[in-house]
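To start, the structure itself, in structure tokens.
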Amino acid sequence: MKTVREKRERLAAIAGALTEIYPDATCALRYAGDPWRLLVMGRLSAQCTDARVNLVSEELFRAYPTPAAMAAAPIAEIERLVKPCGLYHTKAENIRDASAMLVSEYGGELPRTMEELLRFPGVGRKSANLILGDVFRQPGAVVVDTHCIRLSNRLGLVDNDKDPVR
């Protein structure tokens, strides 16, 4: 069994190698630096490719360029626009409701804490960490999905642990 120190050293070596191999790694979602857009696109990305989300989002944000516009949009129209991303009824409702919440409770400014982001409809830890890390550059904000968990186990960073928080 590896000690905590050995695991940290291994993690540092892996992170260093990845940084060397992928020095310009960036988020694949084209959100133009707008936190609200990343919130919306993160919701659309569930069970969908980033490439499709980028395409769908172009038209979606052209039609509804602000949180207030999205919050006031007819649900049927949002559904029509996001349908190519799948699960469109739920996603459209989450996007509209999250946009309304952003406007009414936060004055259009996305909060910077995990706890507050998790209050938004359709936002889980993965999306919250995406926003905290990519937009707000908070250390420790790691997007953990099934692939990350699988690789963490294979690299020996965890021992058959499937809890994304750990």
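Quick note: residue numbers are just sequence positions, from 1.
Residues Y64 and L81 form a side-chain contact, since some pair of their non-hydrogen atoms from C-beta on lies under 4.5 Å apart. Using a 4.5 Å heavy-atom threshold, the side chains of E79 and E93 count as separate. Side-chain atoms of T90 and R43, non-hydrogen and from C-beta on, do get closer than 4.5 Å to each other. Here the side chains of L132 and L117 are in contact, with some heavy-atom distance below 4.5 Å. Inter-residue side-chain proximity for L130 and C27 is flagged as met; some heavy-atom pair is nearer than 4.5 Å. Looking at D159 and N153, their side chains never come closer than 4.5 Å, going by heavy atoms from C-beta outward. Between T49 and N54, the closest side-chain pair of non-hydrogen atoms is not below 4.5 Å.
Side chain of S57 to backbone of L60: no donor-acceptor contact under 3.5 angstrom is found. Q138 places a side-chain N or O within 3.5 Å of a backbone atom of R112 that can act as its donor or acceptor partner. Between the K91 side chain and the A46 main chain, a donor and an acceptor come within less than 3.5 Å of each other. Judged purely by atom type and a 3.5 angstrom limit, R10 uses its side chain to pair as donor or acceptor with the backbone of L155. For S127 (side chain) and V123 (main-chain N/O), no donor-acceptor pair under 3.5 Å exists by modelled atom type. The main-chain N or O of C48 is never found under 3.5 Å from a side-chain atom of S45 such that the two would form a donor-acceptor pair. D50 places no side-chain N or O within donor-acceptor distance of the main-chain N or O of A28, the cut-off being under 3.5 Å.
With rounding to the nearest 0.5 Å, the separation of CZ in R154 from CD1 in I149 is 15.0 Å.
Using a cutoff of 4.0 Å between basic side-chain nitrogens and carboxylate oxygens, R80 and E77 are scored as salt-bridged. In summary, R119 and E115 do not engage in a salt bridge, as defined by a charged side-chain N under 4.0 Å from a carboxylate O.
Heavy-atom neighbours of E109 CD from other residues, nucleotides or ligands within 6.0 Å: at or below the threshold of 12. Counted within 6.0 Å of CZ on R52, heavy atoms from surrounding residues, nucleotides or ligands total 12 or fewer; the atom is thus considered open.
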**Request:** List the steps and the verdict of side chain to side chain contact (heavy atoms under 4.5 Å, CB included) for R8 and R5.
**Result:** CA-CA 5 Å; R8 284 189 179 146; R5 182 178 177 179; 5.7 Å; no
**Request:** Begin with the C-alpha distance, continue with both residues' side-chain angles, and end with the deciding distance and a verdict on side chain to side chain contact (heavy atoms under 4.5 Å, CB included) for L44 and L29.
**Result:** CA-CA 10 Å; L44 291 176; L29 298 174; over 6 Å; no
**Item:** Pair D34-M41, side chain to side chain contact (heavy atoms under 4.5 Å, CB included): steps then yes or no
**Value:** CA-CA 11 Å; D34 183 335; M41 295 173 84; over 6 Å; no
**Test side chain to side chain contact (heavy atoms under 4.5 Å, CB included) applied to V143 and C148, step by step** = CA-CA 8 Å; V143 177; C148 180; over 6 Å; no
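Aromatic pair W36/Y106: centroids not less than 6.0 angstrom apart.
In the hydrophobic cluster analysis, where Ile, Leu, Val, Met, Phe, Trp and Tyr join through side-chain heavy atoms closer than 4.5 angstrom, L102 is grouped together with F136. A single hydrophobic cluster is seen to contain both L118 and F120, as judged by linkage of ILVMFWY side chains at heavy-atom distances under 4.5 Å, directly or through other members. One hydrophobic cluster holds both I14 and I21 under the rule that ILVMFWY side chains link at heavy-atom gaps under 4.5 Å. Grouping the Ile, Leu, Val, Met, Phe, Trp and Tyr side chains by contacts below 4.5 angstrom, directly or via other members, places I78 with Y31.
Contact record, S99 with I95: OG-O, 2.8 Å, taken as the closest heavy-atom pair. Scanning both residues, R96 and A73, for their nearest heavy atoms gives CD-O, 3.6 Å. A pairwise comparison of heavy atoms in N129 and G140 identifies OD1-O, 4.4 Å as the closest pair.
Only one option out of D134, V40, L110 pairs with P35 in a side-chain contact (heavy atoms from CB on, under 4.5 Å); it is L110.
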